[in-house]
Each structure stands twice: as C-alpha cells, then as structure tokens.
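Every number for a ligand or one of its atoms is a count from 1 in the order of the listing. Keep in mind the model is a prediction, meaning the values are calculated, not measured.
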Amino acid sequence: MTIAWIALACCAATTTVPCYGQTATGIPHLQKQGTATQLIVDGKPFLALTGELGNNTATSLENMQPIWPRLVAGNMNCVLAAISWAQMEPAEGKYEFALTDGLIQEAQRNNLKLVFLWFGSWKNGLSSYAPTWVKRDYKRFPRIRIRGGKSIELLSTFGDASRDADARAFQALMRHIKEVDGQRHTVVMIQVENEVGVLRDSRDRSEAASRAFAGPVPKELMDYLQQHEDTLAPELKEVWTSNGSKTSGTWEEVFGPGKPDSVDMPIQTNSPPLSQEEYQSGWRKLHWPADEFFMAWNYAKYVNKVVEQGKAGYNIPMYVNGWLQQPNMAWPGTYPSGGPLPQVHDIWRAGAPAVDVLAPDLYLQYFDEVAQRFTRNGNPFFVPETSANAANAFLAVGKYNAIGFSPFGIERSVGPDNELAAAYHVLSEMAPVILAQQGRDTIATVLMNQGDAPKSVKLGDYTLSLTYIGRGRVPIAPEPAAPAGRQQAPPPQAQAGGRGGQAAQGPAQANAILVSSGPDEFFMCAGSGGLRVAFTPGLPGPATVGLGDVQEGRFVDGKWVVVRQLGGDDTGQGEILTLRANTAMRVTVYRYE
Ligand code: DGJ
C-alpha cells in the first residue's frame, strides 16, 4: 500500500502539473510537484546526490581513472564535471569530443549520471576558459573596461561575436551529447557558464556598455517588472519604488545612481574604513543597484542566447550558478556584479527565460537564509557548489525540495567513511518516498543540536515530538519504559559507529527527514545523530498512540525492503520510537484507549 500511495502521488504529479520539457521520450526534464520542481530522468524523479569535481580534474580520462570508484564508494549517483570551451574548440570550428565521450562512457560504467558545466565565456567572472583564438582577437571579442578605462580578461556582454561564438560551440556540444547519449540519458543537466558577472568594478565601463547604461531601461524589462509587480523580490521592489516606480527612463533614473567612475573598487570589503557593523550588515544590502541590475540584464540576455542555442541542440535542463554577495564581498564588483543572485532573479527571469534554474554556490554559513531567497517565486533549488556538510544535504533535499546537492572539489573529500557518504547512503535508501512527497505538506525536515528542547512537527494526522539523543548507534540495551509522547532524557552519549561507521565528526547534531506517506504511516531517516520520536494525534478520537510496524530498511527498485523489524528492547517494549543515526525507517501507528 505504501507503493500504491507513492505511485498515486507520482501519477497525480505527472498528469496534473505543467511540465517544463519533453516527457514521452524519457529525456531529462523538470516537472512541478506541489511547491517543488523535480528533475525527471527516464520518466522518474531523480535526486542528484552528487559532488562537483575541481575545475580541471576531468580534463583527461587518465586523471579521472582513480576517482570514479571513489565517487561510487561515497554513495554518489551523479557527478558534476567541467567541459572547457578552450579544450573543446581549440581552433575555431574544430571540435574535440573524445573527452566528452570518454566521460560519458566512464560515468555509465560506474552507474553515475553526469551534469556537465559549460565553462564558456566566463568562469568565476573572468574568461579563463575561452579559447586562445578568442582571447587573441580582442577586437572581435571585446573585453570589459573597468574604472579608468582599463580592460581586464573578462569578455564583455556587449560583444555579439563572443556570444555567438560561445553559443555555436555550446550548441555543437549539446548536439553531440544528444547523438551519443540521447537514448541513455547519462547527462541529466547542464550548467551554463560559471559564476558570471563583472569583477573589479560594479559594471562594464566600455564605450558600448556606458552608452547602453545612459540609455533607457529596455521596455521588455520594464514591462516584466510591471507585470510581476506583486511577486518581485522585495530588495528589487524597494529600489524601484524608492526611486519613484518609474515605468521608463534611464537605468539611473529608474533605479538610482550607479557608482561614480571616481570611486575605486577594493578587492574585498573587509578592511577599514568599514566599521564592524557595516561589515556584518553591508552584504545584506544593495550598493549601486543600477549598476548591478544593468549587468544582470545584459548577462541574462547573453546567457539566454547561449542556452537557447544549446537547447536547440539538445533540450535538457540548464541552470546558471551565482557567486554570492557575502561579508568580505559585499559590493558589486567584489562579487561578480550581475550574476544570478536573489536580488536580481526577476531580471534574470525577464532576460533569460530559457534558463531553468538559478543556483547558489552556497559556501556561506547562512544556508537557510540563502536557500529561502533562492526558492522565492518557485525557483527550483539545486546547490551545485557547497561544502561537504551532510546536515545541509538533508535541509536542501527535505526542506527546500532540492533537485540535488553537490559539494565542490569532491575528489578531495569523497570516500566511504565520512558523514556525507553516510547521508547520501540513507537519502538514497529513502529517495523514492522523499521524491513522492517533495513539494507537499507531507514532508518535514528537522535539524537539532545537542541540548535543544524537543521540537514539534505537524505531519499528516499527528504531531511528532522530536528529542535529540546523540550521534551514532544508540544503545540497544533495555531502556526505561515511557509512554510514547513523553519526553525522554537523552541516553548516555550514544555509541559512535552507527551504520555510516564513522567516528564522531562535526557538531553534535541530528538531522532527519520525516514523511507522512499515508494514513498512520510514516517514513523517516536520520543523518549523523539519532532522535526520539513521539506521536500525538491531531484528530479527535483515542488519545494514546501505539507503534505498529517499526522497520529499518531501504527502498530497492521502488520497493520497501525490511532489514530489521523492531520490537522489544529496540522500541522500549513497544512504547519508545528511536530513529537511529544513518538509518531509514518505516513506522505505522494506531490509536487506542
Ligand atoms: C567557485 C567556482 O565556481 C569554482 O569553479 C571554484 O573556482 C571554486 N569557487 C573554488 O573554491
């Protein structure tokens, strides 16, 4: 019945919700389910438990050889690997696809999916992966100019030839991927460019750019802002309204003054004359928004053309990633100005409708805050770069309906014996039921620190009270009986070495995803710490809740397989539910009086 429930949920999703792409052929595409957007591969939602390789790690098959088995041992089902424009098109019109083919074949051999990163015109703002034949021809492929008229190695968005050359190469790549992988669907998504935006100044000050900046905000953008007035990002709306909510005018008339050319741009914003207060708060404010909005529009238009051309070659989901504004990089130009950051998501949506996902490179400690800002207005959530923080993987997947989670430089940290591997293991065991409920109110995620008071979560027809009990495997010796629902003191520090097999690492935290999968039925899984779970009924009727089936197990080919059926000592003689670290569970409950 569990599976029937899941199947029903999936079926409802596919029949009632508009789709972003093809469905019939099994080609990867995005599909809405409630508030979530999921990546569908071969007709099924796919949860990308992945990592991003270092920039140049996948530049040869030889270099990749020892890495593939480690990715598999780290319980990953997908990997993000860069394709460099320079390497793929060493001479104009001459394409080299042997490496792409080899990566696809190796991924297949290792049963992994691939997300390719197209390092085209830009990588971390700059243009280091553009081919040398592009870099040499600076008249045909112009650079930006920063304060004082200086050019830097950063292609200008005001270079149609650059855009067209990039789009041509990208289309050739996508056509080729379709040819070699259009049936097998190893490549499930593409990142287009990398962390675009102007560095070292708040905007491009080339002649063409300055002319456009002094001209009117394009009508297309003004219309979009007016049509979406009610849902605009509050930061953008505030800038627009505080400058008079104009419906036409130059960039500075509509969005206020840009940075004067005379103001120098520091590399970072972490030194005096910034006060401590400015340092803490500055990165949450907009500075010279006219410049940033102008650049966002121009990057969006350029990237949209590249994406459109790529999709004409092979139409699979495509995203762009953003280098975030942050304490040391608070002013546009210290972070790439115009990249797909939350304050300019509306501008990106207006200028780049072909882009499916605006994604954060999320290294900041404020994971929740950033995730919330990136999921406004239904933007699908995908974290292409982050640190290997297992708790955040749970948050991303359970709370923000992520398509996937992907620590950067994965070849350095991946392995079988760490918290990420354990988290990926348990998330993959639970993936079918998580994916069936993402985007609905039948799924919840909790994150608890040692010492936290119990937390309550309303789920299905019950309220679940959760108490932190510690990391690792909890003792299986008899524990003092207590009725379900009563708060328990945490047991003596739980033994290390839960199913992930790792010793204590990271902060003492428990993170869990809880799913109400049907009436009186729950699935739940925990990361590196365990939890006690007690149920209180939410509907009138008998007040006492009993534990029915308590099963540790996993989904295999969509079916729940029981590994341990629990009772007796492991459930406090039927009265205490313990969700152990790195474990997935199915639990049924009943009520009596
Ligand atoms: C963010 C970039 O997008 C990556 O390609 C890489 O350069 C990392 N920073 C390095 O930390």
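- On a distance-only criterion, Glu52 and ligand 1 share no N/O pair closer than 3.5 Å.
- Taking every heavy atom of Asn194 and a limit of under 4.0 angstrom, the matching atoms of ligand 1 come to 2 (C), 3 (O), 5 (O).
- Ring-plane geometry between Phe158 and Phe294 is classed as parallel, the angle between the planes falling under 30 degrees on a 0 to 90 degree scale with a further cut at 60.
- Glu385 OE2, 2.5 Å is the protein heavy atom nearest to atom 3 (O) of ligand 1.
- Ser406 has its side chain out of reach of Thr386: every pair of non-hydrogen atoms, C-beta onward, lies at least 4.5 Å apart.
- For the pair Arg175 and Tyr314, the minimum side-chain heavy-atom distance is 4.5 Å or more.
- For the ring-ring contact (aromatic ring centres under 6.0 Å, His included) with Phe293, the qualifying choice from Phe255, Trp288, Tyr299, Trp348 is Phe255, the only one to do so.
- Under the ring-ring contact (aromatic ring centres under 6.0 Å, His included) test applied with Phe381, the options Phe374, Tyr400, Tyr319 reduce to a single match, Tyr400.
- The distance from ligand 1 to the heavy atoms of Asn55 drops below 4.0 Å at these ligand atoms: 4 (C), 5 (O), 6 (C), 7 (O).
- Ligand 1 has no nitrogen or oxygen under 3.5 angstrom from a nitrogen or oxygen of Tyr363.
- Taking the side chain as every heavy atom from C-beta outward, Lys113 and Asn77 never approach each other to under 4.5 Å.
- At a heavy-atom distance under 4.0 Å, only side-chain atoms of Phe408, from C-beta outward, approach ligand 1.
- The Asp361 neighbourhood of ligand 1 comprises atoms 3 (O), with distances under 4.0 Å to a heavy atom of that residue.
- The distance from ligand 1 to the heavy atoms of Glu195 drops below 4.0 Å at these ligand atoms: 1 (C), 2 (C), 3 (O).
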